Number of protein chains: 2
Amino acid sequence: MDTDQVRGKWDATKGACPTRQVLGRIGDTWTMLVISTLEKHGTLRSGQLKSVIEGITQKMLTQTLRHLERDGVVRRDVLPTVPVTVSYTLTPLGLSLAAAVATMRTWAYDHMDEIAEARDEYDANI
Amino acid sequence: MDTDQVRGKWDATKGACPTRQVLGRIGDTWTMLVISTLEKHGTLRSGQLKSVIEGITQKMLTQTLRHLERDGVVRRDVLPTVPVTVSYTLTPLGLSLAAAVATMRTWAYDHMDEIAEARDEYDANI
DNA sequence: CAGAATCCCAATGGATACTG
DNA sequence: CAGTATCCATTGGGATTCTG
């Protein structure tokens, strides 16, 4: 693993910094929503996620879940019913990520008025 | 303001949720880097930001700073020297955002090995 | 030095139709 | 039901050039 990158040498100003990769993923359109939804409801089936998360398309739901599964954030369980039943659950890693995401969401929520004000003033003084 | 959106009614699963706007911005390529850089160094001039943040282009630096300025996260100061001197500083709002961002970065840093492992295993079982 | 203005390519993501 | 495969519009973002 750490052949060309020694721990402790990571610098956020470098493109390769893993922090950027994680934040980039978090910041995409649907990831945070999927995580938050799973945190709130626990295990959900694909169709349930799709109906709870308003506006998400089949494609983006699947794509987002695949990414999260690959990163070890969600677990995908398949029951061999007919038709097949697929459910998703946050892993322990996913739960800890959900907590961190909640911090950001709380910040956004707490400061939304301040931001809106700043925008209004900025836009007024164009 | 809150004419069609009553406080407390925000739902993260709705596209209009301000949380998503903020997270979306945080997640873009350069915003987090600019914030972290300003947090680390304090006030910086445009050129300094450009040389510290490796790989950023003139266009993206300016664009990112404009967004942050509009949201009240950074303050832009112009000194009427010749040629003009422009410096950027995090506002109190920006400092609190930097702290929240640091939480995410810490999470990413603490779990990067776990994520890398999960990816390796996932990719192996394709 | 700081930044505005173009041009242009690659990645996101939406809509739709199809498979097991 | 869950997922894949296309097609396509929009956007993000890089390279370059120009101005005060």
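Note that the structure is predicted; figures quoted are calculated from it, not measured. Naming convention: chains lettered A, B, ... in sequence-line order (proteins, then strands); numbering from 1 in each chain.
When the nucleotides D:dG3, D:dG14, C:dA2 are ranked by their closest atom to the side chain of B:W30, D:dG14 comes out on top.
Here the C1' atom of nucleotide C:dA2 and the NZ atom of B:K50 are 10 Å apart, to the nearest Å. A straight line from NZ of A:K59 to C1' of D:dT4 spans 11 Å, rounded to a whole angstrom. Whole-Å rounding puts the A:R76 CZ to D:dA2 C1' distance at 8 Å. Going from atom OH of B:Y88 over to atom P of C:dA2 covers 8 Å, rounded to whole Å. A straight line from CD of B:Q48 to P of C:dC1 spans 11 Å, rounded to a whole angstrom. A:Q63 places its CD atom 15 Å from the P atom of C:dA15, with the value rounded to the nearest Å.
Between B:L33 and B:I56 the shortest side-chain heavy-atom distance does not fall below 4.5 Å. The shortest distance between side-chain heavy atoms of B:D123 and A:R70 falls below 4.5 Å.
Nearer the 5' end of DNA chain C, as judged by each residue's closest nucleotide, is the contact made by B:R45, out of A:D28 and B:R45. Of the residues near DNA chain C, A:P83 and A:M60, the one whose nearest nucleotide (by heavy atom distance) lies more toward the 5' end is A:M60.
Looking at every heavy atom in both residues, A:S46 comes nearest to A:Y88 through CB-CE1, 4.2 Å.
Taking a 6.0 Å sphere around CD of A:Q48, one finds it holds more than 12 heavy atoms contributed by other residues, nucleotides or ligands.
Checking the phosphate oxygens (OP1, OP2) of D:dG14, a side-chain nitrogen or oxygen of B:T57 falls inside 4.0 Å.
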